[in-house]
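Accompanying notes for the structure given below.
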Number of protein chains: 2
Amino acid sequence: MNTIFKALNDETRREILELLRKSDLTAGEIAEHFNISKPSISHHLDLLKQADLVTSEKKGQFVVYSLNTTIVDDILKWLLTLKKQ
Amino acid sequence: MNTIFKALNDETRREILELLRKSDLTAGEIAEHFNISKPSISHHLDLLKQADLVTSEKKGQFVVYSLNTTIVDDILKWLLTLKKQ
DNA sequence: TATATATTTAGACAAATGTCTAAATAATAA
DNA sequence: TTATTATTTAGACATTTGTCTAAATATATA
């Protein structure tokens with residue numbers, strides 16, 4: 001739970017998730033959307049992976065990232081209990 | 001959005017929200033639940049207030065805190081769009 | 001008024017975070 | 001093999017964060 005909230009606590013990482021909602025992207029394609037160095041984006045992707053919010057697959061020299069929405073359910077559940085009663 | 005995720009990115013603050021789900025509590029009552037100094041708890045409450053996740057009302061020498069679940073809806077909405085398609 | 005209780009503010013400090021550049025690793029192409 | 005492209009790792013650095021103690025503020029009580 002901690003890892004997920006930590007991963008979501010950054011505007012850049014949340015935007016990455018929004019990009020991946022539309023389609024899978026390579027690390028380079030993701031980096032193109034931001035005014036941030038590639039190593040920094042790589043670090044953001046690592047945190048998203050640690051939270052299991054994204055998955056990655058090596059395809060040749062590229063690494064393709066995908067959104068993993070099943071993890072989002074955990075937060076949804078936690079937030080919904082807050083609203084109960 | 002940033003303020004809300006920032007507020008949620010801390011175990012102590014999430015536990016405070018869970019406590020307030022059950023009932024309103026004074027700052028002192030909240031502090032009793034943790035092994036953390038009262039000033040630190042006060043600071044956590046301030047961040048939760050900044051995010052509008054809690055409201056506070058002065059009652060005599062006490063300050064009573066309450067959960068504000070309407071803000072939770074904003075995050076729920078954001079998370080649900082991630083899951084669409 | 002003087003004292004006690006509840007809470008916040010101020011300021012310090014160590015740890016965590018986001019960013020960068022330079023270098024390393026891995027795969028493709030010449 | 002050598003050069004090029006894609007990505008990550010390593011290490012540095014400034015900023016933010018969570019915590020503390022001491023002091024300030026506000027209310028209630030003797």
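Below, all heavy atoms of this structure are taken into account, side chains as well, without hydrogens, waters or symmetry copies. So that the names make sense, note that chain A is the first sequence line, chain B the second, and so on, each numbered from 1. Being a predicted model, the structure only gives us computed values, none of them experimental.
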4.5 Å side-chain heavy-atom contact, [X] and [Y]:
{"X": "L79(A)", "Y": "I75(B)", "value": "yes"}
{"X": "K49(A)", "Y": "S56(A)", "value": "yes"}
{"X": "I36(B)", "Y": "T12(B)", "value": "yes"}
{"X": "I30(B)", "Y": "L20(B)", "value": "yes"}
{"X": "R14(B)", "Y": "W78(A)", "value": "yes"}

May I have the distance from [X] (atom [atom1]) to [N] (atom [atom2]), rounded to whole angstrom?
{"X": "N2(A)", "N": "dG18(D)", "atom1": "CG", "atom2": "P", "answer": "11 Å"}
{"X": "I30(B)", "N": "dT7(C)", "atom1": "CD1", "atom2": "P", "answer": "9 Å"}
{"X": "D10(A)", "N": "dT15(D)", "atom1": "CG", "atom2": "C1'", "answer": "13 Å"}
{"X": "N35(A)", "N": "dC20(C)", "atom1": "CG", "atom2": "P", "answer": "9 Å"}
{"X": "I41(A)", "N": "dT21(C)", "atom1": "CD1", "atom2": "P", "answer": "13 Å"}
{"X": "E57(A)", "N": "dA27(C)", "atom1": "CD", "atom2": "C1'", "answer": "16 Å"}
{"X": "E29(A)", "N": "dT7(D)", "atom1": "CD", "atom2": "C1'", "answer": "13 Å"}
{"X": "E11(A)", "N": "dT15(D)", "atom1": "CD", "atom2": "P", "answer": "21 Å"}

Check your understanding: For the atom pair CG (L17(B)) and CG (L8(B)), what is the distance rounded to the nearest 0.5 Å?
Key -> 6.5 Å
State whether [X] places a side-chain N or O below 4.0 Å from either non-bridging phosphate oxygen (OP1 or OP2) of [N].
{"X": "S37(A)", "N": "dT19(C)", "value": "no"}
{"X": "K58(A)", "N": "dA26(C)", "value": "no"}
{"X": "S40(B)", "N": "dT19(D)", "value": "no"}
{"X": "Y65(B)", "N": "dA6(C)", "value": "no"}
{"X": "K6(A)", "N": "dT17(C)", "value": "yes"}
{"X": "T26(B)", "N": "dT7(C)", "value": "yes"}

Review point. Taking for each residue the nucleotide of DNA chain C with the nearest heavy atom, is it K59(A) or H44(A) whose nucleotide lies nearer the 5' end?
Key: H44(A)
Exercise for review: Please state whether the base of dT28(C) and the side chain of Q61(A) form at least one donor-acceptor pair under 3.5 Å?
Suggested key: no
Check your understanding: Out of dG18(C), dT19(D), dT21(C), which nucleotide sits closest to the side chain of I36(B)?
Key -> dT19(D)
Practice item. Give the nucleotide from the list dT8(D), dT8(C), dT19(C) with an atom nearest to the side chain of K38(B). Key: dT8(C)
Practice item. Hey, which sits more toward the 5' end of DNA chain D by its nearest nucleotide, D46(A) or R13(B)? Key: D46(A)
Revision key, fill the gap. Contacts of L47(B) and L45(A) projected onto DNA chain D by closest heavy atom; the upstream (5') one is L45(A)
Review point. Which part of the nucleic acid, if any, lies within reach of H43(B) when heavy atoms closer than 4.0 Å are counted: base, sugar-phosphate only, or nothing?
Key: base
